[in-house]
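Below: one structure, written as structure tokens.
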Amino acid sequence: MKRCVLLVLTMVCFAPRAWAQKGVTLEELMSAPFPENLTAAKTANRVAWTFNQEGKRNIWVAEGPSFAARRLTPYLEDDGQPISDVNFSVDANAIVYVRGEGKNAAGQFPNPTSNPAGTEQTVWSVAWSGGTPRRIDSGDSPKISAKGVIAYVRDGQMWNAPLDNGEKPKQLIVRGQNHSEEWSPDGSQLVFVSTRGDHSFIGLYDVDAKTVRFLAPSVDTDSDPVWSLDGKRIAFVRRLAEPRDTPAGYFLQPDKPHPWTIWVAEVSSGSAREIWHSSISPEGSYPFMAKDTGGGVLRWAADNRLLIASEEDGWQHLYSVSADGGAPQLLTPGDCEVEQWSLTPDKKTVLFNSNCGDIDRRHIWRVGLDRGQPQPVTTTKGMTNPGIEWSPVALSDGKTLVYLGSGPRLPGQTFWSNSDEPGNAKILGPDSWSHSPLVDALVAPQQVIFHAADGLEIHGQLFLPPNARDGEKQPALVFMHGGPIRQMLLGWHYMYYYANSYAMNEYLASRGYVVLSVNYRSGIGYGRAFREAPGRAGRGATEYKDIVAAGKYLQSRPDVDPSRVGLWGGSYGGFLTAMGLARNSDIFAAGVDFHGVHDWPTDNWDGKNIPPELTKLAHDSSPVTSVDAWKSPVLFIHGDDDRNVYFAQTVDLVARLRARGVVIEQLVFPDDVHDFLLHRNWLAGYRATGDFFDRRLKVHSDASGAAAKTK
């Protein structure tokens, strides 16, 4: 059966091509559904996930053995209200979730529709059987206890409310900013993190006694608490205190190790001891990437073992260590990285996705906590048009596997299969794509590998126009992702922002552009040394070398007009777009900058104690210092309620460029955020991008959808 893995993902790619007869519209491409928030019930073969389809975000559910999917929530408008934190009750008869985004630094909720009535972020519950969802309260991060009590966070404070009735919520009054709550297995106690600025505690709330105590309080930073399976112990992470004048700020601070330790506390006595500590090397640093990608740093598994993430060997891997101490055991060896993982119901096996054996994709694997050999579950190595798989979860029967997957021509979908026969995977939920003629109109990007000027190997994905004429030189574009802790793949992406970007690159290819998506240094997937490359970001912007190399690679291709190479990207990709136009208008003829960083010191929101020489280096590593050489036209696109990159970054750069007579276009979305909340704003931004490049790089589309050079 292994040769048939992900048949559903691959079978749609073998239909005869008919490029000349098929056009593709941006609206069609952006109608692709996006699944996320996949979660399984603990006591029934039930699964839930969210679908975002053209801005209409809803929870979908299915139950074995038939797994007929149905929409559970009633949200049918593109209203900019995302759904997150989806969790089942213990009996699987209810689901709690969060609707809306959190506040910004000014205490304001996002309001992308500029609704005069305002918006908020709220916790809701809905019955498995359906019906009208019930509002619980303002807040986020809801967790349901075994006793049917919802704990959640509101304005940095812990609250709780019964799931089954309308009783008024109650606050747990604890000083500090409190979060990361987890119920004990029996629902009698709640562990949480209480952050106090330069230190944090692990707090423990007793429901019956209505008391709070702290486990081994210190001057250090404690986080990531997890319960033992019997509820008698709690493991947590401790990072040592630093002097108050230590430079801080991810993009500016000097590189240094961030060692960490694991402690285990006895719930009955509150006593705690260290059971493991990392090395003091850079590779031994706390794996911040694990938190960012959703896997978590700690899990308590069967047989008194802890599952931990670490980069001790230079790659993010999973290890097993006894909760009583001892040497950790490597579970996922290789020059590859684990990204997302979960435990099977018996807590004896880990399901994870990684790029092991397929560096520019993701596949699902399994490995036992007994340090067995990792086994592929959905790998499609050696197959034509292999897929990408992520977010694996095993259902309560221990036999059914559910995961999310995509392909080069198939956007993200939810799949289920018997865990012993993953090749029989079936699509869950609405499937308007796998049998659509639109699939046949897309291109499968090709892996390309080139080298920067300093010799570093760089990977990219090349989208070739499906209707290019032999011998004709096409316009070309370099695409750069944001983050920068991201990796673009050879198919539809597993993050919403980059699924949209993938659709846009497909659209640009359909209009006659050669598009190169670049995995520049400081991204993930190629090891810690690549991600933490010297001189990156505000320390020298060495990753810009990779963008120059990408531009020159395109210029060297016989199918590319070297005078018509542009570039585009968002966030960090917007920074690199601005760098390209500021430093190399001789290579890049035009660019589109989505919410980019343009001056590192003024956008380093968490920076403090940065020495003057590092502040100067950061400024010199920014596009604003090279505007005198900026000649090429640019389109700026930004939402003015951006919580990731200050809107002032675009205001400032536009003012500087206007003073120098640079051709500027702009598209501003009032009240929208960084990752646009409104589908119609994504469409508007991408329409403007396509139109801008068509005008600036002298390309238009004929009636059949084919691209032709303007005479």
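Keep in mind that the numbers below use all heavy atoms, side chains included, and drop hydrogens, waters and symmetry copies.
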Ion pair [X]/[Y], N-O distance below 4.0 Å:
X: R536; Y: D255; result: yes
X: K103; Y: D155; result: yes
X: R244; Y: D198; result: no
X: E242; Y: K256; result: yes
X: D454; Y: R521; result: yes
X: R528; Y: E311; result: yes
X: D620; Y: K616; result: yes

Once the angle between the rings of H674 and H595 is folded into 0 to 90°, is it parallel (under 30°), tilted (30 to 60°) or perpendicular (over 60°)? tilted
Kindly assign one of parallel, tilted or perpendicular to the pair Y686 and W568, based on the angle between their ring planes and the thresholds 30° and 60°.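 Perpendicular.
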Please report the closest heavy-atom contact between [X] and [Y], naming both atoms and the distance.
X: S621; Y: G538; value: OG-O, 3.7 Å
X: S632; Y: A589; value: CB-O, 3.3 Å
X: P466; Y: S510; value: CD-CA, 4.1 Å
X: Q253; Y: R539; value: O-NE, 2.9 Å

Say whether D360 and Q447, considering side chains only, have a donor N or O and an acceptor N or O under 3.5 Å apart. yes
Do we see a donor-acceptor contact under 3.5 Å between the side chains of D694 and Y513? yes
[X] [atom1]: over 12 foreign heavy atoms closer than 6.0 Å:
X: K608; atom1: NZ; result: no
X: E77; atom1: CD; result: no
X: K552; atom1: NZ; result: no

Hey, would you say the W492 and F34 ring centroids sit under 6.0 Å apart?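 No, ring centres 6.0 Å or more apart.
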Do F647 and H638 have their ring centres less than 6.0 Å from each other?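 Yes, ring centres under 6.0 Å apart.
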Within 45° of the six-membered ring axis of Y286 and under 6.0 Å from that ring's centre, is NZ or CZ of R239 located there? yes
Report the C-alpha distance between L477 and V514 in whole Å, list the side-chain angles of each, state the deciding distance to 0.1 Å, and finish with yes or no for side chain to side chain contact (heavy atoms under 4.5 Å, CB included). CA-CA 6 Å; L477 297 169; V514 176; over 6 Å; no
Go through Y502 and F463 one step at a time and tell me if the ring pair (Phe, Tyr, Trp, His ring centres under 6.0 Å) criterion holds. CA-CA 10 Å; Y502 185 89; F463 298 76; 5.4 Å; yes
Less than 4.5 Å apart, side chain to side chain, heavy atoms only: is that true for L516 and Q461?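 Not touching, per the 4.5 Å side-chain cut-off.
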Do F588 and T577 have side chains that get closer than 4.5 Å, going by heavy atoms?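 Of all side-chain heavy-atom pairs linking T577 with F588, none is under 4.5 Å.
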When F636 is tested against each of H598, E665, Q649 for side-chain contact (heavy atoms from CB on, under 4.5 Å), which residue passes?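 Between F636 and the candidates, side-chain contact (heavy atoms from CB on, under 4.5 Å) is satisfied uniquely by H598.
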side-chain contact (heavy atoms from CB on, under 4.5 Å), paired with N355, selected from E339, R361, R362: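 Filter result, single survivor: R362.
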Against H481, only a single residue in Y520, F594, Y572 fulfils ring pair (Phe, Tyr, Trp, His ring centres under 6.0 Å); can you say which? Y520
Do you know which of F669, Y496, Y497 makes ring pair (Phe, Tyr, Trp, His ring centres under 6.0 Å) with F676?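 Passing option: F669.
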